[in-house]
**Student:** 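Pasting a structure below so you can have a look.
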Amino acid sequence: MDPLAELGLTRARSYAVDVTLDPDTANPWLVLSEDRKCVRLGDTRQDLPNNPERFDPCVNVLGAEGFAGGRRYWEVEVGDKTEWTLGVCRESVSRKGDITLSPDDGYWAVWLEDGEYEAGTSSSAPLPVSVRPSRVGIFLDYEAGEVSFYNVTDGSHLFTFTGTFSGTFRPYFSPSLNAGGTNAAPLIICPVPAQAGGNLGS
C-alpha cells in the first residue's frame, strides 16, 4: 500500500457527491436502473428519440450533474467486468459518431480492454495495476486542473490527468459491449462511506 496514494484517496473521498445517470444521454442499447445508479448493455435497441445529447453509436451515458468548479468525487463498481470506460467529459462533446477518448477531444478517461488498463492520453499509456480493481474512484479537482483515478479495492492511485479546465464537466460511463455475454454485468455508482472528520461543509 502506497501511503501517499492512500492519503490522496482518503482526501478525495471527503469530496464525495451524489451522482446519477442522465437517461437523455444514454445510448439506445443501454438499460438504466430505476434509481439511475446502474447501467448495463441491453439485448435490444430501444426506440428512443434521437435527441442531440444522446450518444449513438457509442454505448455511453453521462452523469446528470454538471461540474463547473470545485472538487467532486464518486465511485463506480466495475466488479468482474472485462471491459469498461470511466471518467469525465466536457458537456460540449459531440454525442454522435465515433469518439476519441483524449483530453484534446474533451474526455479524461481510463478503461479496461483486452486485459489492459489504459489512460486516454495522446499515446494511450498502459497502467500498471497489481490488484484488479472491482471499484474505481474518480476525483475531479477543477481548479487544480486534475482528474485522478483510484483503485478503491487496494487504495492505490491509477492515474492523474493534468490540464487547464474550462466549461462544464460531466461524469462519463461506458459498460462497453457484452463480448458474448462475458461482460454483461452493470456499472454501479456506489455510495461513498462517510469519512471520519471529513470536511462535509465545504
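Residue numbers start at 1 and run along the sequence shown.
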**Student:** How are the rings of Trp74 and Phe67 set to each other: parallel, tilted or perpendicular (split at 30° and 60°)?
**Tutor:**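 The arrangement is tilted - the two ring planes meet at 30° to 60°.
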**Student:** Quick one: does any side-chain atom of Asn151 pair with a main-chain N or O of Thr153 as donor and acceptor, under 3.5 Å?
**Tutor:**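 Yes; judged by distance alone, with no hydrogens or angles, the pair exists.
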**Student:** Scan residues 85-95 for pairs that pass side-chain hydrogen bond (donor to acceptor under 3.5 Å, both in side chains), counting only residues two or more places apart or in two chains.
**Tutor:**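 Found Glu91-Arg170.
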**Student:** So does Glu143 pair up with Arg71, basic N to acidic O under 4.0 Å?
**Tutor:**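 No, Glu143 and Arg71 are not salt-bridged.
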**Student:** Taking ring pair (Phe, Tyr, Trp, His ring centres under 6.0 Å) as the test, write out the residues that go with Phe55, two or more places apart.
**Tutor:**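 None.
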**Student:** If the condition is side chain to side chain contact (heavy atoms under 4.5 Å, CB included), which residues does Ala184 pass it with, not counting sequence neighbours?
**Tutor:**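 Applying side chain to side chain contact (heavy atoms under 4.5 Å, CB included) to Ala184 gives Asn178.
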**Student:** Would a distance-only check, ignoring hydrogens and angles, find a side-chain to backbone donor-acceptor pair under 3.5 Å from Arg72 to Gly66?
**Tutor:**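 No; zero donor-acceptor contacts below 3.5 Å.
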**Student:** Side chain of Thr100, backbone of Asp105: donor and acceptor closer than 3.5 Å?
**Tutor:**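 No; zero donor-acceptor contacts below 3.5 Å.
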**Student:** Run the ring pair (Phe, Tyr, Trp, His ring centres under 6.0 Å) test against Phe165 and tell me which residues pass, sequence neighbours left out.
**Tutor:**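 Ring pair (Phe, Tyr, Trp, His ring centres under 6.0 Å) check on Phe165 returns Trp108, Tyr142, Phe169.
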**Student:** Without placing hydrogens or testing angles, list every side-chain donor-acceptor pair under 3.5 Å for residues 29-42, not counting sequence neighbours.
**Tutor:**
| residue | atom | partner | partner atom | Å |
| --- | --- | --- | --- | --- |
| Ser33 | OG | Asp35 | OD1 | 2.6 |
| Ser33 | OG | Arg36 | N | 3.4 |
| Ser33 | OG | Lys37 | N | 3.2 |
| Ser33 | OG | Cys38 | N | 3.0 |
| Asp35 | OD1 | Lys37 | N | 3.0 |
| Lys37 | NZ | Asp18 | OD1 | 2.3 |
| Lys37 | NZ | Val19 | O | 2.8 |

**Student:** Give the ring-plane orientation class for Tyr117 versus Trp84, where under 30° counts as parallel, over 60° as perpendicular and anything between as tilted.
**Tutor:**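 Because their plane-to-plane angle lies in the 30° to 60° range, the rings of Tyr117 and Trp84 count as tilted.
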**Student:** Please confirm whether the backbone N or O of Pro28 pairs with a side-chain atom of Arg54, one donor and one acceptor, at under 3.5 Å?
**Tutor:**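 Checked: no pair found.
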**Student:** Mind checking side-chain hydrogen bond (donor to acceptor under 3.5 Å, both in side chains) for Arg132 and listing every partner two or more places apart, or none if nothing turns up?
**Tutor:**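 If we apply the side-chain hydrogen bond (donor to acceptor under 3.5 Å, both in side chains) test to Arg132, skipping adjacent residues, there are no hits.
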**Student:** Checking Asn27 side chain against Cys58 main chain: does a donor-acceptor pair fall under 3.5 Å?
**Tutor:**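 Indeed, once roles are kept as given, a pair shorter than 3.5 Å links the two residues.
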**Student:** Please determine whether residues Phe161 and Leu112 belong to a single hydrophobic cluster, defined as Ile, Leu, Val, Met, Phe, Trp and Tyr linked transitively by side-chain heavy-atom distances below 4.5 Å.
**Tutor:**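 Yes, it is one cluster - the side chains of Phe161 and Leu112 are joined through contacts under 4.5 Å.
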**Student:** Between Ser148 (side chain only) and Phe139 (backbone N and O only), is there a donor and an acceptor less than 3.5 Å apart?
**Tutor:**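 No; zero donor-acceptor contacts below 3.5 Å.
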**Student:** Ion pair present between Arg11 and Asp141, side-chain N to carboxylate O less than 4.0 angstrom?
**Tutor:**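 Between Asp141 and Arg11 there is a salt bridge, with a charged N closer than 4.0 Å to a carboxylate O.
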**Student:** Is the number of heavy atoms from other residues, nucleotides or ligands under 6.0 Å of Asn51 CG greater than 12?
**Tutor:**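 Count over threshold, so yes.
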**Student:** Do Thr20 and Glu65 have a side chain donor and acceptor closer than 3.5 Å?
**Tutor:**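 A donor-acceptor contact under 3.5 Å links the two side chains.
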